[in-house]
Amino acid sequence: MKRLPRIEQYGLIGDMQTSAHVCDDGSIDWLCLPRFDSSAPFAALLGTEKHGAWRIAPATSYEGGAGATAERRYVGESLVLETVWMTSSGSAKVTDFMPPRDGAPQVIRIVEGLTGEVSMVSAMRPRPGYGGVSPWIHEVGGRMVAEAGADALWLDTCVQQVEKDGVIVSAFSVAARQSVAFVLSWCPSHATAPDVPDPEAALSETLTFWRNWTRECTYEGPYREPVVRSSIALKAMTYGPSGGIVASPTTSLPEEIGGNRNWDYRFTWLRDASTTLAALLGTGYRQEAQAWRRWLLRAVAGDPENLQIMYGITGERDLRERVLPWLPGYEGSAPVRVGNGAADQLQVDVYGEVIETLYLAHESGVAHCADTAVLHQRLVEHLAQRWQDPDEGIWEIRGARRHFVHSKVMAWVAIDRTIRLVEAGSLHMDLDYLVELRATIHHEVCTKGFDPVRNTFTQSYGSQELDAATLLIPRVGFLPPDDPRVVGTVDAVRRELSTPDGLVRRYPTIGDHAGVDGLTGDEGTFVLCSFWLVDALALTGRLDEAHALFERLLSLRNDLGLLAEEYDPVQQRQLGNFPQAFSHMGLIQSARLLQLLATQSSHHRGAVAVPTPRSTSRSTRQTCADLTPQHA
């Protein structure tokens with residue numbers, strides 16, 4: 001049995017409908033087919049090799065790992081992964097990718113000799129049903145196929161394949177300038193066998209796709225490489241046929257090793273998708289915003305009164321949560337869950353994130369359509385009835401509902417952005433009523449959600465707990481960044497929620513103020529919250545500290561530029577589902593803000609611009625004056 005890799009040892013390949021996790025030892029340990037939310041024939045990531053994996057590596061690496069070393073990288077600005085293996089007899093390259101598809105999903109792995117001669121082994125152990133089913137493996141017309149229930153996996157190559165104890169094995173050698181390709185295709189077991197593509201042509205087409213897509217990126221600042229890499233990761237998490245965006249392509253990677261905070265993220269959260277689209281819009285990608293808006297109209301349909309906080313990638317509403325008991329979990333972190341019970345929660349903040357994205361899309365040139373205007377109006381009408389209700393909040397607590405400050409702030413954002421569109425003539429609603437409602441929400445938050453003794457906004461009304469989400473208060477324009485209440489909140493979060501090296505926890509999970517989420521155990525620092533602190537430090541004029549923290553966060557990425565949901569600064573490892581849209585969205589947004597600051601004159605650096613499409617040339621002092629009710 002091979003060693004259990006760390007989360008950061010994985011790379012991602014994908015086709016904008018599903019994706020695969022490729023370990024640095026050459027093993028694909030996670031792959032769901034045919035969609036992100038389908039069951040996985042390779043689930044070793046949440047168990048062992050017996051739950052399904054496909055490894056291609058030098059034969060010597062199968063013999064205890066001696067005699068073979070590897071280096072890997074993405075090819076240019078693409079999602080094509082290259083691993084170069086070096087052995088005592090020579091070197092070889094394995095190129096892994098998934099072509100953007102019209103038909104069957106395919107994983108293509110091309111082994112190419114570089115120097116000398118290298119003995120290689122491909123060993124594929126398919127286990128459909130999340131590692132729970134042993135398929136029927138047999139040969140059809142010289143092709144190997146593994147069938148189980150509704151699924152068929154076809155493996156094509158030019159070298160000999162044999163089946164042994166449920167594993168399809170090919171042993172072969174490659175010399176310099178020789179290549180051997182493997183093509184894994186999925187199709188329904190009752191359907192005609194899929195065609196075998198030309199691997200080299202598919203590689204060329206895949207590289208061209210990514211080259212053309214990344215060319216649209218408008219960001220040219222000092223952090224272009226991590227911004228582009230993060231944008232590619234976000235694109236890879238977009239389900240092309242519908243425009244839905246998954247929060248992450250994995251399930252149940254733990255927030256604490258051995259703990260039970262393990263959730264399925266292979267769905268489209270309104271919040272995560274909205275903020276992801278905001279990041280992509282900020283770097284020039286409008287097509288994705290148009291596709292997501294169509295997804296939103298279909299998913300919500302004519303029923304915003306029963307708005308869910310998440311849906312399936314094509315708008316499914318039934319996301320019932322269940323446990324897969326035969327999977328032991330990543331490093332024994334059980335249970336492994338599929339589905340997500342948080343779909344039934346009330347999270348008032350999602351109205352703000354959705355309407356903010358509709359506003360940003362409009363400001364970026366994606367004009368409101370009549371259907372969007374109707375949906376927008378009905379969302380606001382429903383929010384006006386619900387904003388005073390307690391909810392489960394952004395962190396999807398599984399304890400008692402509370403009046404979370406962040407939820408109320410985002411309700412304010414929803415009304416504020418609606419007012420902007422009404423004032424611009426792009427939306428027709430009662431302006432006086434909206435202005436009064438905005439002021440009412442603002443006054444309540446500042447009265448009930450602020451602790452004047454500690455000079456900080458709290459997690460919820462009347463609580464002593466802090467919450468990193470309050471760092472967004474200046475970012476969304478609720479208060480100007482030089483307001484003493486904002487500065488006090490930033491200082492309090494740093495004092496009470498930060499680790500010694502400056503990384504930020506979401507809220508207390510241990511100690512006197514733990515228990516708000518209704519869960520046991522602890523978790524790592526939340527990567528997005530640390531990017532929020534970068535923004536808050538920058539907006540409050542502490543630029544050197546903001547840059548230092550941003551550089552620290554960049555150093556947490558793995559060798560391929562990917563970030564999980566959380567980071568454990570004690571064990572110095574990534575935690576949670578991987579890669580995480582929230583983390584890469586935060587990186588892009590912080591990089592854009594720091595770029596904006598670099599273009600401003602020094603006398604504005606205590607009051608800087610919030611990077612929205614409308615206000616990139618104005619100071620945050622003026623921007624927040626525009627956003628905040630005059631009497632606040």
Side-chain angles (χ1 to χ4, degrees), residues 12 14-20 30-41 43 46 98 101 105 128-130 149-151 186 188 233-253 262-277 280 288-324 336-347 349-351 353-354 357 371 375 379 392 394 396 565 577-582 585:
L12 185 77
D15 62 4
M16 281 69 69
Q17 296 190 43
T18 190
S19 59
W30 183 252
L31 171 64
C32 297
L33 291 170
R35 307 187 342 169
F36 291 112
D37 56 356
S38 301
S39 66
L46 299 177
M98 297 183 72
R101 58 166 133 141
Y130 297 105
D151 300 305
W186 175 94
L234 295 179
K235 178 66 172 176
M237 287 183 263
T238 302
Y239 185 69
S242 71
I245 302 172
V246 296
S248 178
T250 58
T251 179
S252 300
L253 290 179
N262 319 316
W263 314 107
D264 193 347
Y265 280 8
R266 298 171 300 151
F267 307 113
T268 299
W269 271 254
L270 294 184
R271 176 191 307 109
D272 298 51
S274 298
T275 52
T276 295
L277 259 297
L280 290 174
E288 286 72 16
Q290 292 171 327
W292 175 81
R293 190 175 68 181
R294 290 192 295 271
W295 174 91
L296 179 68
L297 289 168
R298 292 191 301 267
V300 177
D303 197 21
E305 293 80 7
N306 294 309
L307 184 76
Q308 293 189 183
I309 59 99
M310 72 176 86
Y311 298 86
I313 53 178
T314 55
E316 298 88 347
R317 289 174 172 261
D318 185 357
L319 308 180
R320 278 174 288 186
E321 186 173 299
R322 60 189 177 96
V323 170
L324 305 182
V336 171
R337 297 179 173 96
V338 294
N340 199 306
D344 298 324
Q345 290 186 352
L346 172 64
Q347 297 173 22
D349 66 292
V350 299
Y351 293 89
E353 281 106 9
V354 169
T357 302
D371 292 332
L375 174 61
L379 288 173
E392 279 89 2
I394 184 175
E396 301 181 353
E565 179 182 26
N577 284 308
F578 173 86
Q580 178 79 3
F582 253 172
M585 176 276 297

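The figures that follow rest on heavy atoms only: side chains count, while hydrogens, waters and symmetry mates do not.
- Between Arg35 and Pro241, every side-chain heavy-atom pair lies at or beyond the 4.5 Å cut-off.
- Annotation: side chain of Tyr311 is in contact with side chain of Arg317 (closest heavy-atom distance under 4.5 Å).
- Among all heavy-atom pairs drawn from Ala273 and Trp292, the shortest one is CB-NE1, 3.4 Å.
- Nearest approach of Asn577 to Ser252, heavy atoms of both residues: OD1-N, 3.4 Å.
- Side-chain N or O atoms of Gln580 include none that pairs as donor or acceptor with a backbone N or O of Glu565 at under 3.5 Å.
- Between Asp37 and Tyr130, the shortest heavy-atom distance links the atoms O-OH, 4.0 Å.
- Using a 4.5 Å heavy-atom cutoff, the side chains of Gln347 and Glu353 are not in contact.
- Side chains of Thr251 and Leu46 form a contact here, defined as non-hydrogen atoms less than 4.5 Å apart.
- At a threshold of 4.5 Å between non-hydrogen side-chain atoms, the residues Leu234 and Ile245 do not count as touching.
- Thr18 is not listed as a side-chain neighbour of Ser38, based on a closest heavy-atom distance of 4.5 Å or more.
- Shown here for Met585 and Thr275, the closest heavy-atom pair between the two residues is CG-O, 3.1 Å.
- Put simply, the side chain of Thr238 never gets that close to the backbone of Met16: no donor and acceptor are under 3.5 Å apart.
- Tested against Leu296, the residues Thr268, Leu277, Leu270 include a single side chain to side chain contact (heavy atoms under 4.5 Å, CB included) partner, Leu270.
- Between Tyr265 and Trp269, the two ring planes are perpendicular [angle over 60°; tilted spans 30° to 60°].
- If you take CD on Gln17 and CG on Leu33, they are separated by 11.0 Å, rounding to the nearest 0.5 Å.
- When Val246, Val350, Asp272, Leu319 are each tested for a side chain to side chain contact (heavy atoms under 4.5 Å, CB included) with Met310, only one passes: Leu319.
- Arg298 contributes atom CZ, which lies 12.0 Å from atom CG of Asp371 (distance to the nearest 0.5 angstrom).
- Distance check, rounded to the nearest 0.5 Å: CZ of Phe36 to OG of Ser19 gives 5.0 Å.
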message = Checking Glu392 against Ile309 for the side-chain contact (heavy atoms from CB on, under 4.5 Å) test, could you report, in this order, the C-alpha distance in whole Å, the side-chain angles of both residues, the deciding distance, and whether it holds?
response = CA-CA 11 Å; Glu392 279 89 2; Ile309 59 99; over 6 Å; no

task = Using the side-chain contact (heavy atoms from CB on, under 4.5 Å) rule, take Asn340 and Arg266 through it: C-alpha gap first, then chi angles, then the decisive distance, then the call.
result = CA-CA 9 Å; Asn340 199 306; Arg266 298 171 300 151; over 6 Å; no

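- Put simply, the side chain of Ser242 gets close to the backbone of Ile313: a donor and an acceptor are under 3.5 Å apart.
- At least one side-chain heavy atom of Tyr351 sits under 4.5 Å from a side-chain heavy atom of Leu307.
- For the residue pair Ile394 and Asp349, the shortest heavy atom distance occurs at N-OD1, 3.8 Å.
- The nearest pair of heavy atoms linking Pro249 to Pro579 is CD-O, 3.4 Å.
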